[in-house]
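Here the structure is laid out as structure tokens; the discussion comes afterwards.
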Protein chains: 2
Amino acid sequence: MPDDARRPAAEPGRLSAEERFRKLYAELRGRICLLDYPPGTKLGEEALAAEFGVSRTPVRRVLARLSDEGLVEARHGVGTIVTDVDARELSDVYALRMELAQLAGTLSPRPVTAAIRAEARDFVDRSETLVARPDPRDFATLNMDFFDFGLRLCGNAALAETSERLYYQTARIWLQTIPRLDLRREATSFAQEIRQVAAALDADDPSAAALVRRAHISMSYRRLTTEA
Amino acid sequence: MPDDARRPAAEPGRLSAEERFRKLYAELRGRICLLDYPPGTKLGEEALAAEFGVSRTPVRRVLARLSDEGLVEARHGVGTIVTDVDARELSDVYALRMELAQLAGTLSPRPVTAAIRAEARDFVDRSETLVARPDPRDFATLNMDFFDFGLRLCGNAALAETSERLYYQTARIWLQTIPRLDLRREATSFAQEIRQVAAALDADDPSAAALVRRAHISMSYRRLTTEA
DNA sequence: TCCCGGCATGTTGTGTACAACCTCGGCCAA
DNA sequence: TTGGCCGAGGTTGTACACAACATGCCGGGA
């Protein structure tokens, strides 16, 4: 047996501590950003611990990180509350996100491989499906997936981590505002963005792709603040 | 007694939980960045708990945040180790820091008040004192203080938080490299930076101050990587 | 009727014991 | 001599009990 030598953590059923942490963190962050936990929701540590079959300790570890990132706020004796995004924070984060999106094209972009172009075409297909039958939650999910895809185009790890952090910090206000927006127009605009990004990648021009993304972040913010 | 009405948390001796957390976090981050804990040091939770007179629980909360920020790495069964900064991470972070430093001048800069100008002059004095008698640790401390000062010039909270995070992520490599650098020249260059920033603030031109800072980050990185 | 003080209840913060895990040294056998 | 096994010691991860704290209700007094 030359392969499965000393490998105590290789059992598929058992997850390591860090793996469990990542799972739980991603799950809770997703629920917050998809408004399964709208702002103001009280996240009881005991309730979460019971749901996930662990004690309060690992749950608290995850909530502490979410608190550091500003997604929740723990108040002694009250509860851990999902925060709301105020206009000022929204403005600051979007202004910075625009700049970072552009920088992703110039700060050590990754070479555009055939696999990446194929993935981009998949996103084009998904966006067309979305335009045909718009749905807020599908929209938000596709948006997150496409954002993660964009992160992988960036060779600067610090820039990628920062962009991700900022994205999830305000991602939920879009779902909060969508009832007052034109969903079909939003979907069309998003599909355009994806098509243009795919075209730029086909032309092996990551810088152009980054500029497209910056432009659409800007326009999305405009629609968000003027029509809500 | 119209002033001290219902204020249970106003007692000066007792610190709230969040206050204690901030204190401990700042203390440990400072020790790491000032190389009191050089890379590779094992930070025993029990030892820290004993030193600060608390249990392992709040210590673990602080170490978890330091771990999220990449300053330490917790290994099950081994210990919590102070991480080292590798060349790749250093390059990425510095490239991003340069851009962010420039953005601080254009993305909603704060108005330059008389108090700020006075503070800048104080930094000029301190830098001259440092040039007269250079000392690595004093240098690093002044650098941190001046950085914190620069953060307060930025009206964009997201940009300020991001810049701070990135700064402390790689701040320690400077102290690690200084034995192989010309300390006097580093001090002179830093004093020039402070003077130029103060001049730009006197001229009510935060954008120029930001450009100066970007230029000095770039030069500092060049000296760091070429002569070490 | 209104105000206010105290208590019951539920929540997060802390302390502590134990489980899971890694490292290192000694010991035995080839 | 050398290779590997294995057990002791020490560390982080987890579970749980209790302390600290905030909130809302209820009852009494003005």
Side-chain angles (χ1 to χ4, degrees), chain A residues 1-2 4-25 28 32 37 40-83, chain B residues 1-2 4-25 28 37 40-68 70-83:
Chain A
M1 313 191 278
D4 70 336
R6 287 292 139 257
R7 200 87 68 78
E11 307 160 27
R14 279 288 178 267
L15 279 71
S16 89
E18 191 181 340
E19 295 274 309
R20 286 192 300 261
F21 169 76
R22 289 179 183 277
K23 284 264 189 195
L24 187 51
Y25 167 74
L28 290 188
I32 291 173
Y37 296 145
T41 305
K42 187 188 67 181
L43 303 182
E45 298 177 353
E46 202 114 27
L48 291 173
E51 175 182 352
F52 293 99
V54 294
S55 79
R56 278 179 56 205
T57 308
V59 172
R60 283 181 58 79
R61 165 84 204 270
V62 171
L63 290 179
R65 175 151 177 181
L66 292 172
S67 173
D68 288 338
E69 293 174 343
L71 293 180
V72 302
E73 186 178 358
R75 299 186 198 172
H76 191 179
V78 180
T80 302
I81 312 298
V82 177
T83 58
Chain B
M1 311 192 282
D4 72 335
R6 285 295 139 253
R7 200 87 69 77
E11 307 160 28
R14 280 288 180 263
L15 279 71
S16 91
E18 190 181 341
E19 295 275 307
R20 285 193 300 263
F21 169 76
R22 288 179 184 276
K23 284 263 189 194
L24 187 51
Y25 168 74
L28 291 187
Y37 297 143
T41 306
K42 187 189 68 181
L43 302 182
E45 299 177 353
E46 202 114 29
L48 291 174
E51 174 182 354
F52 293 99
V54 293
S55 80
R56 279 179 57 208
T57 308
V59 171
R60 281 179 60 77
R61 164 95 163 91
V62 171
L63 290 178
R65 174 150 176 181
L66 292 172
S67 173
D68 288 338
L71 294 179
V72 303
E73 186 178 358
R75 299 184 197 174
H76 192 178
V78 180
T80 302
I81 312 298
V82 176
T83 59

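Keep in mind it's a predicted model, so treat the numbers as computed, not measured. Below, chain A is the first sequence line, B the second, and so on; all start at residue 1.
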Using atom CD of Glu18(A) as one end and atom P of dC21(C) as the other, report the distance to the nearest whole Å.
14 Å
Who are the side-chain hydrogen bond (donor to acceptor under 3.5 Å, both in side chains) partners of Glu18(A), not counting sequence neighbours?
Arg22(A)
What residues, two or more places apart in sequence or in another chain, satisfy side-chain hydrogen bond (donor to acceptor under 3.5 Å, both in side chains) together with Thr83(B)?
Arg172(B)
Name all residues meeting the side-chain hydrogen bond (donor to acceptor under 3.5 Å, both in side chains) criterion together with Glu46(A); count only those two or more places apart in sequence or in a different chain, and write none if there are none.
none
Among all residues two or more places apart in sequence or in another chain, which pass the side-chain hydrogen bond (donor to acceptor under 3.5 Å, both in side chains) test with Glu73(B)?
none
When the distance from CD1 of Ile81(A) to C1' of dA22(D) is rounded to whole Å, what number comes out?
12 Å
Separation of dC22(C) atom C1' from Glu73(B) atom CD, nearest Å, is 14 Å
Can you name the side chain to side chain contact (heavy atoms under 4.5 Å, CB included) partners of Arg60(B), sequence neighbours left out?
Glu45(B), Arg56(B)
Protein heavy-atom contacts under 4.0 Å, written 5' to 3' over nucleotides 8-15 of chain D as B (base), S (sugar-phosphate only) or - (none), form the string --BBBBBB
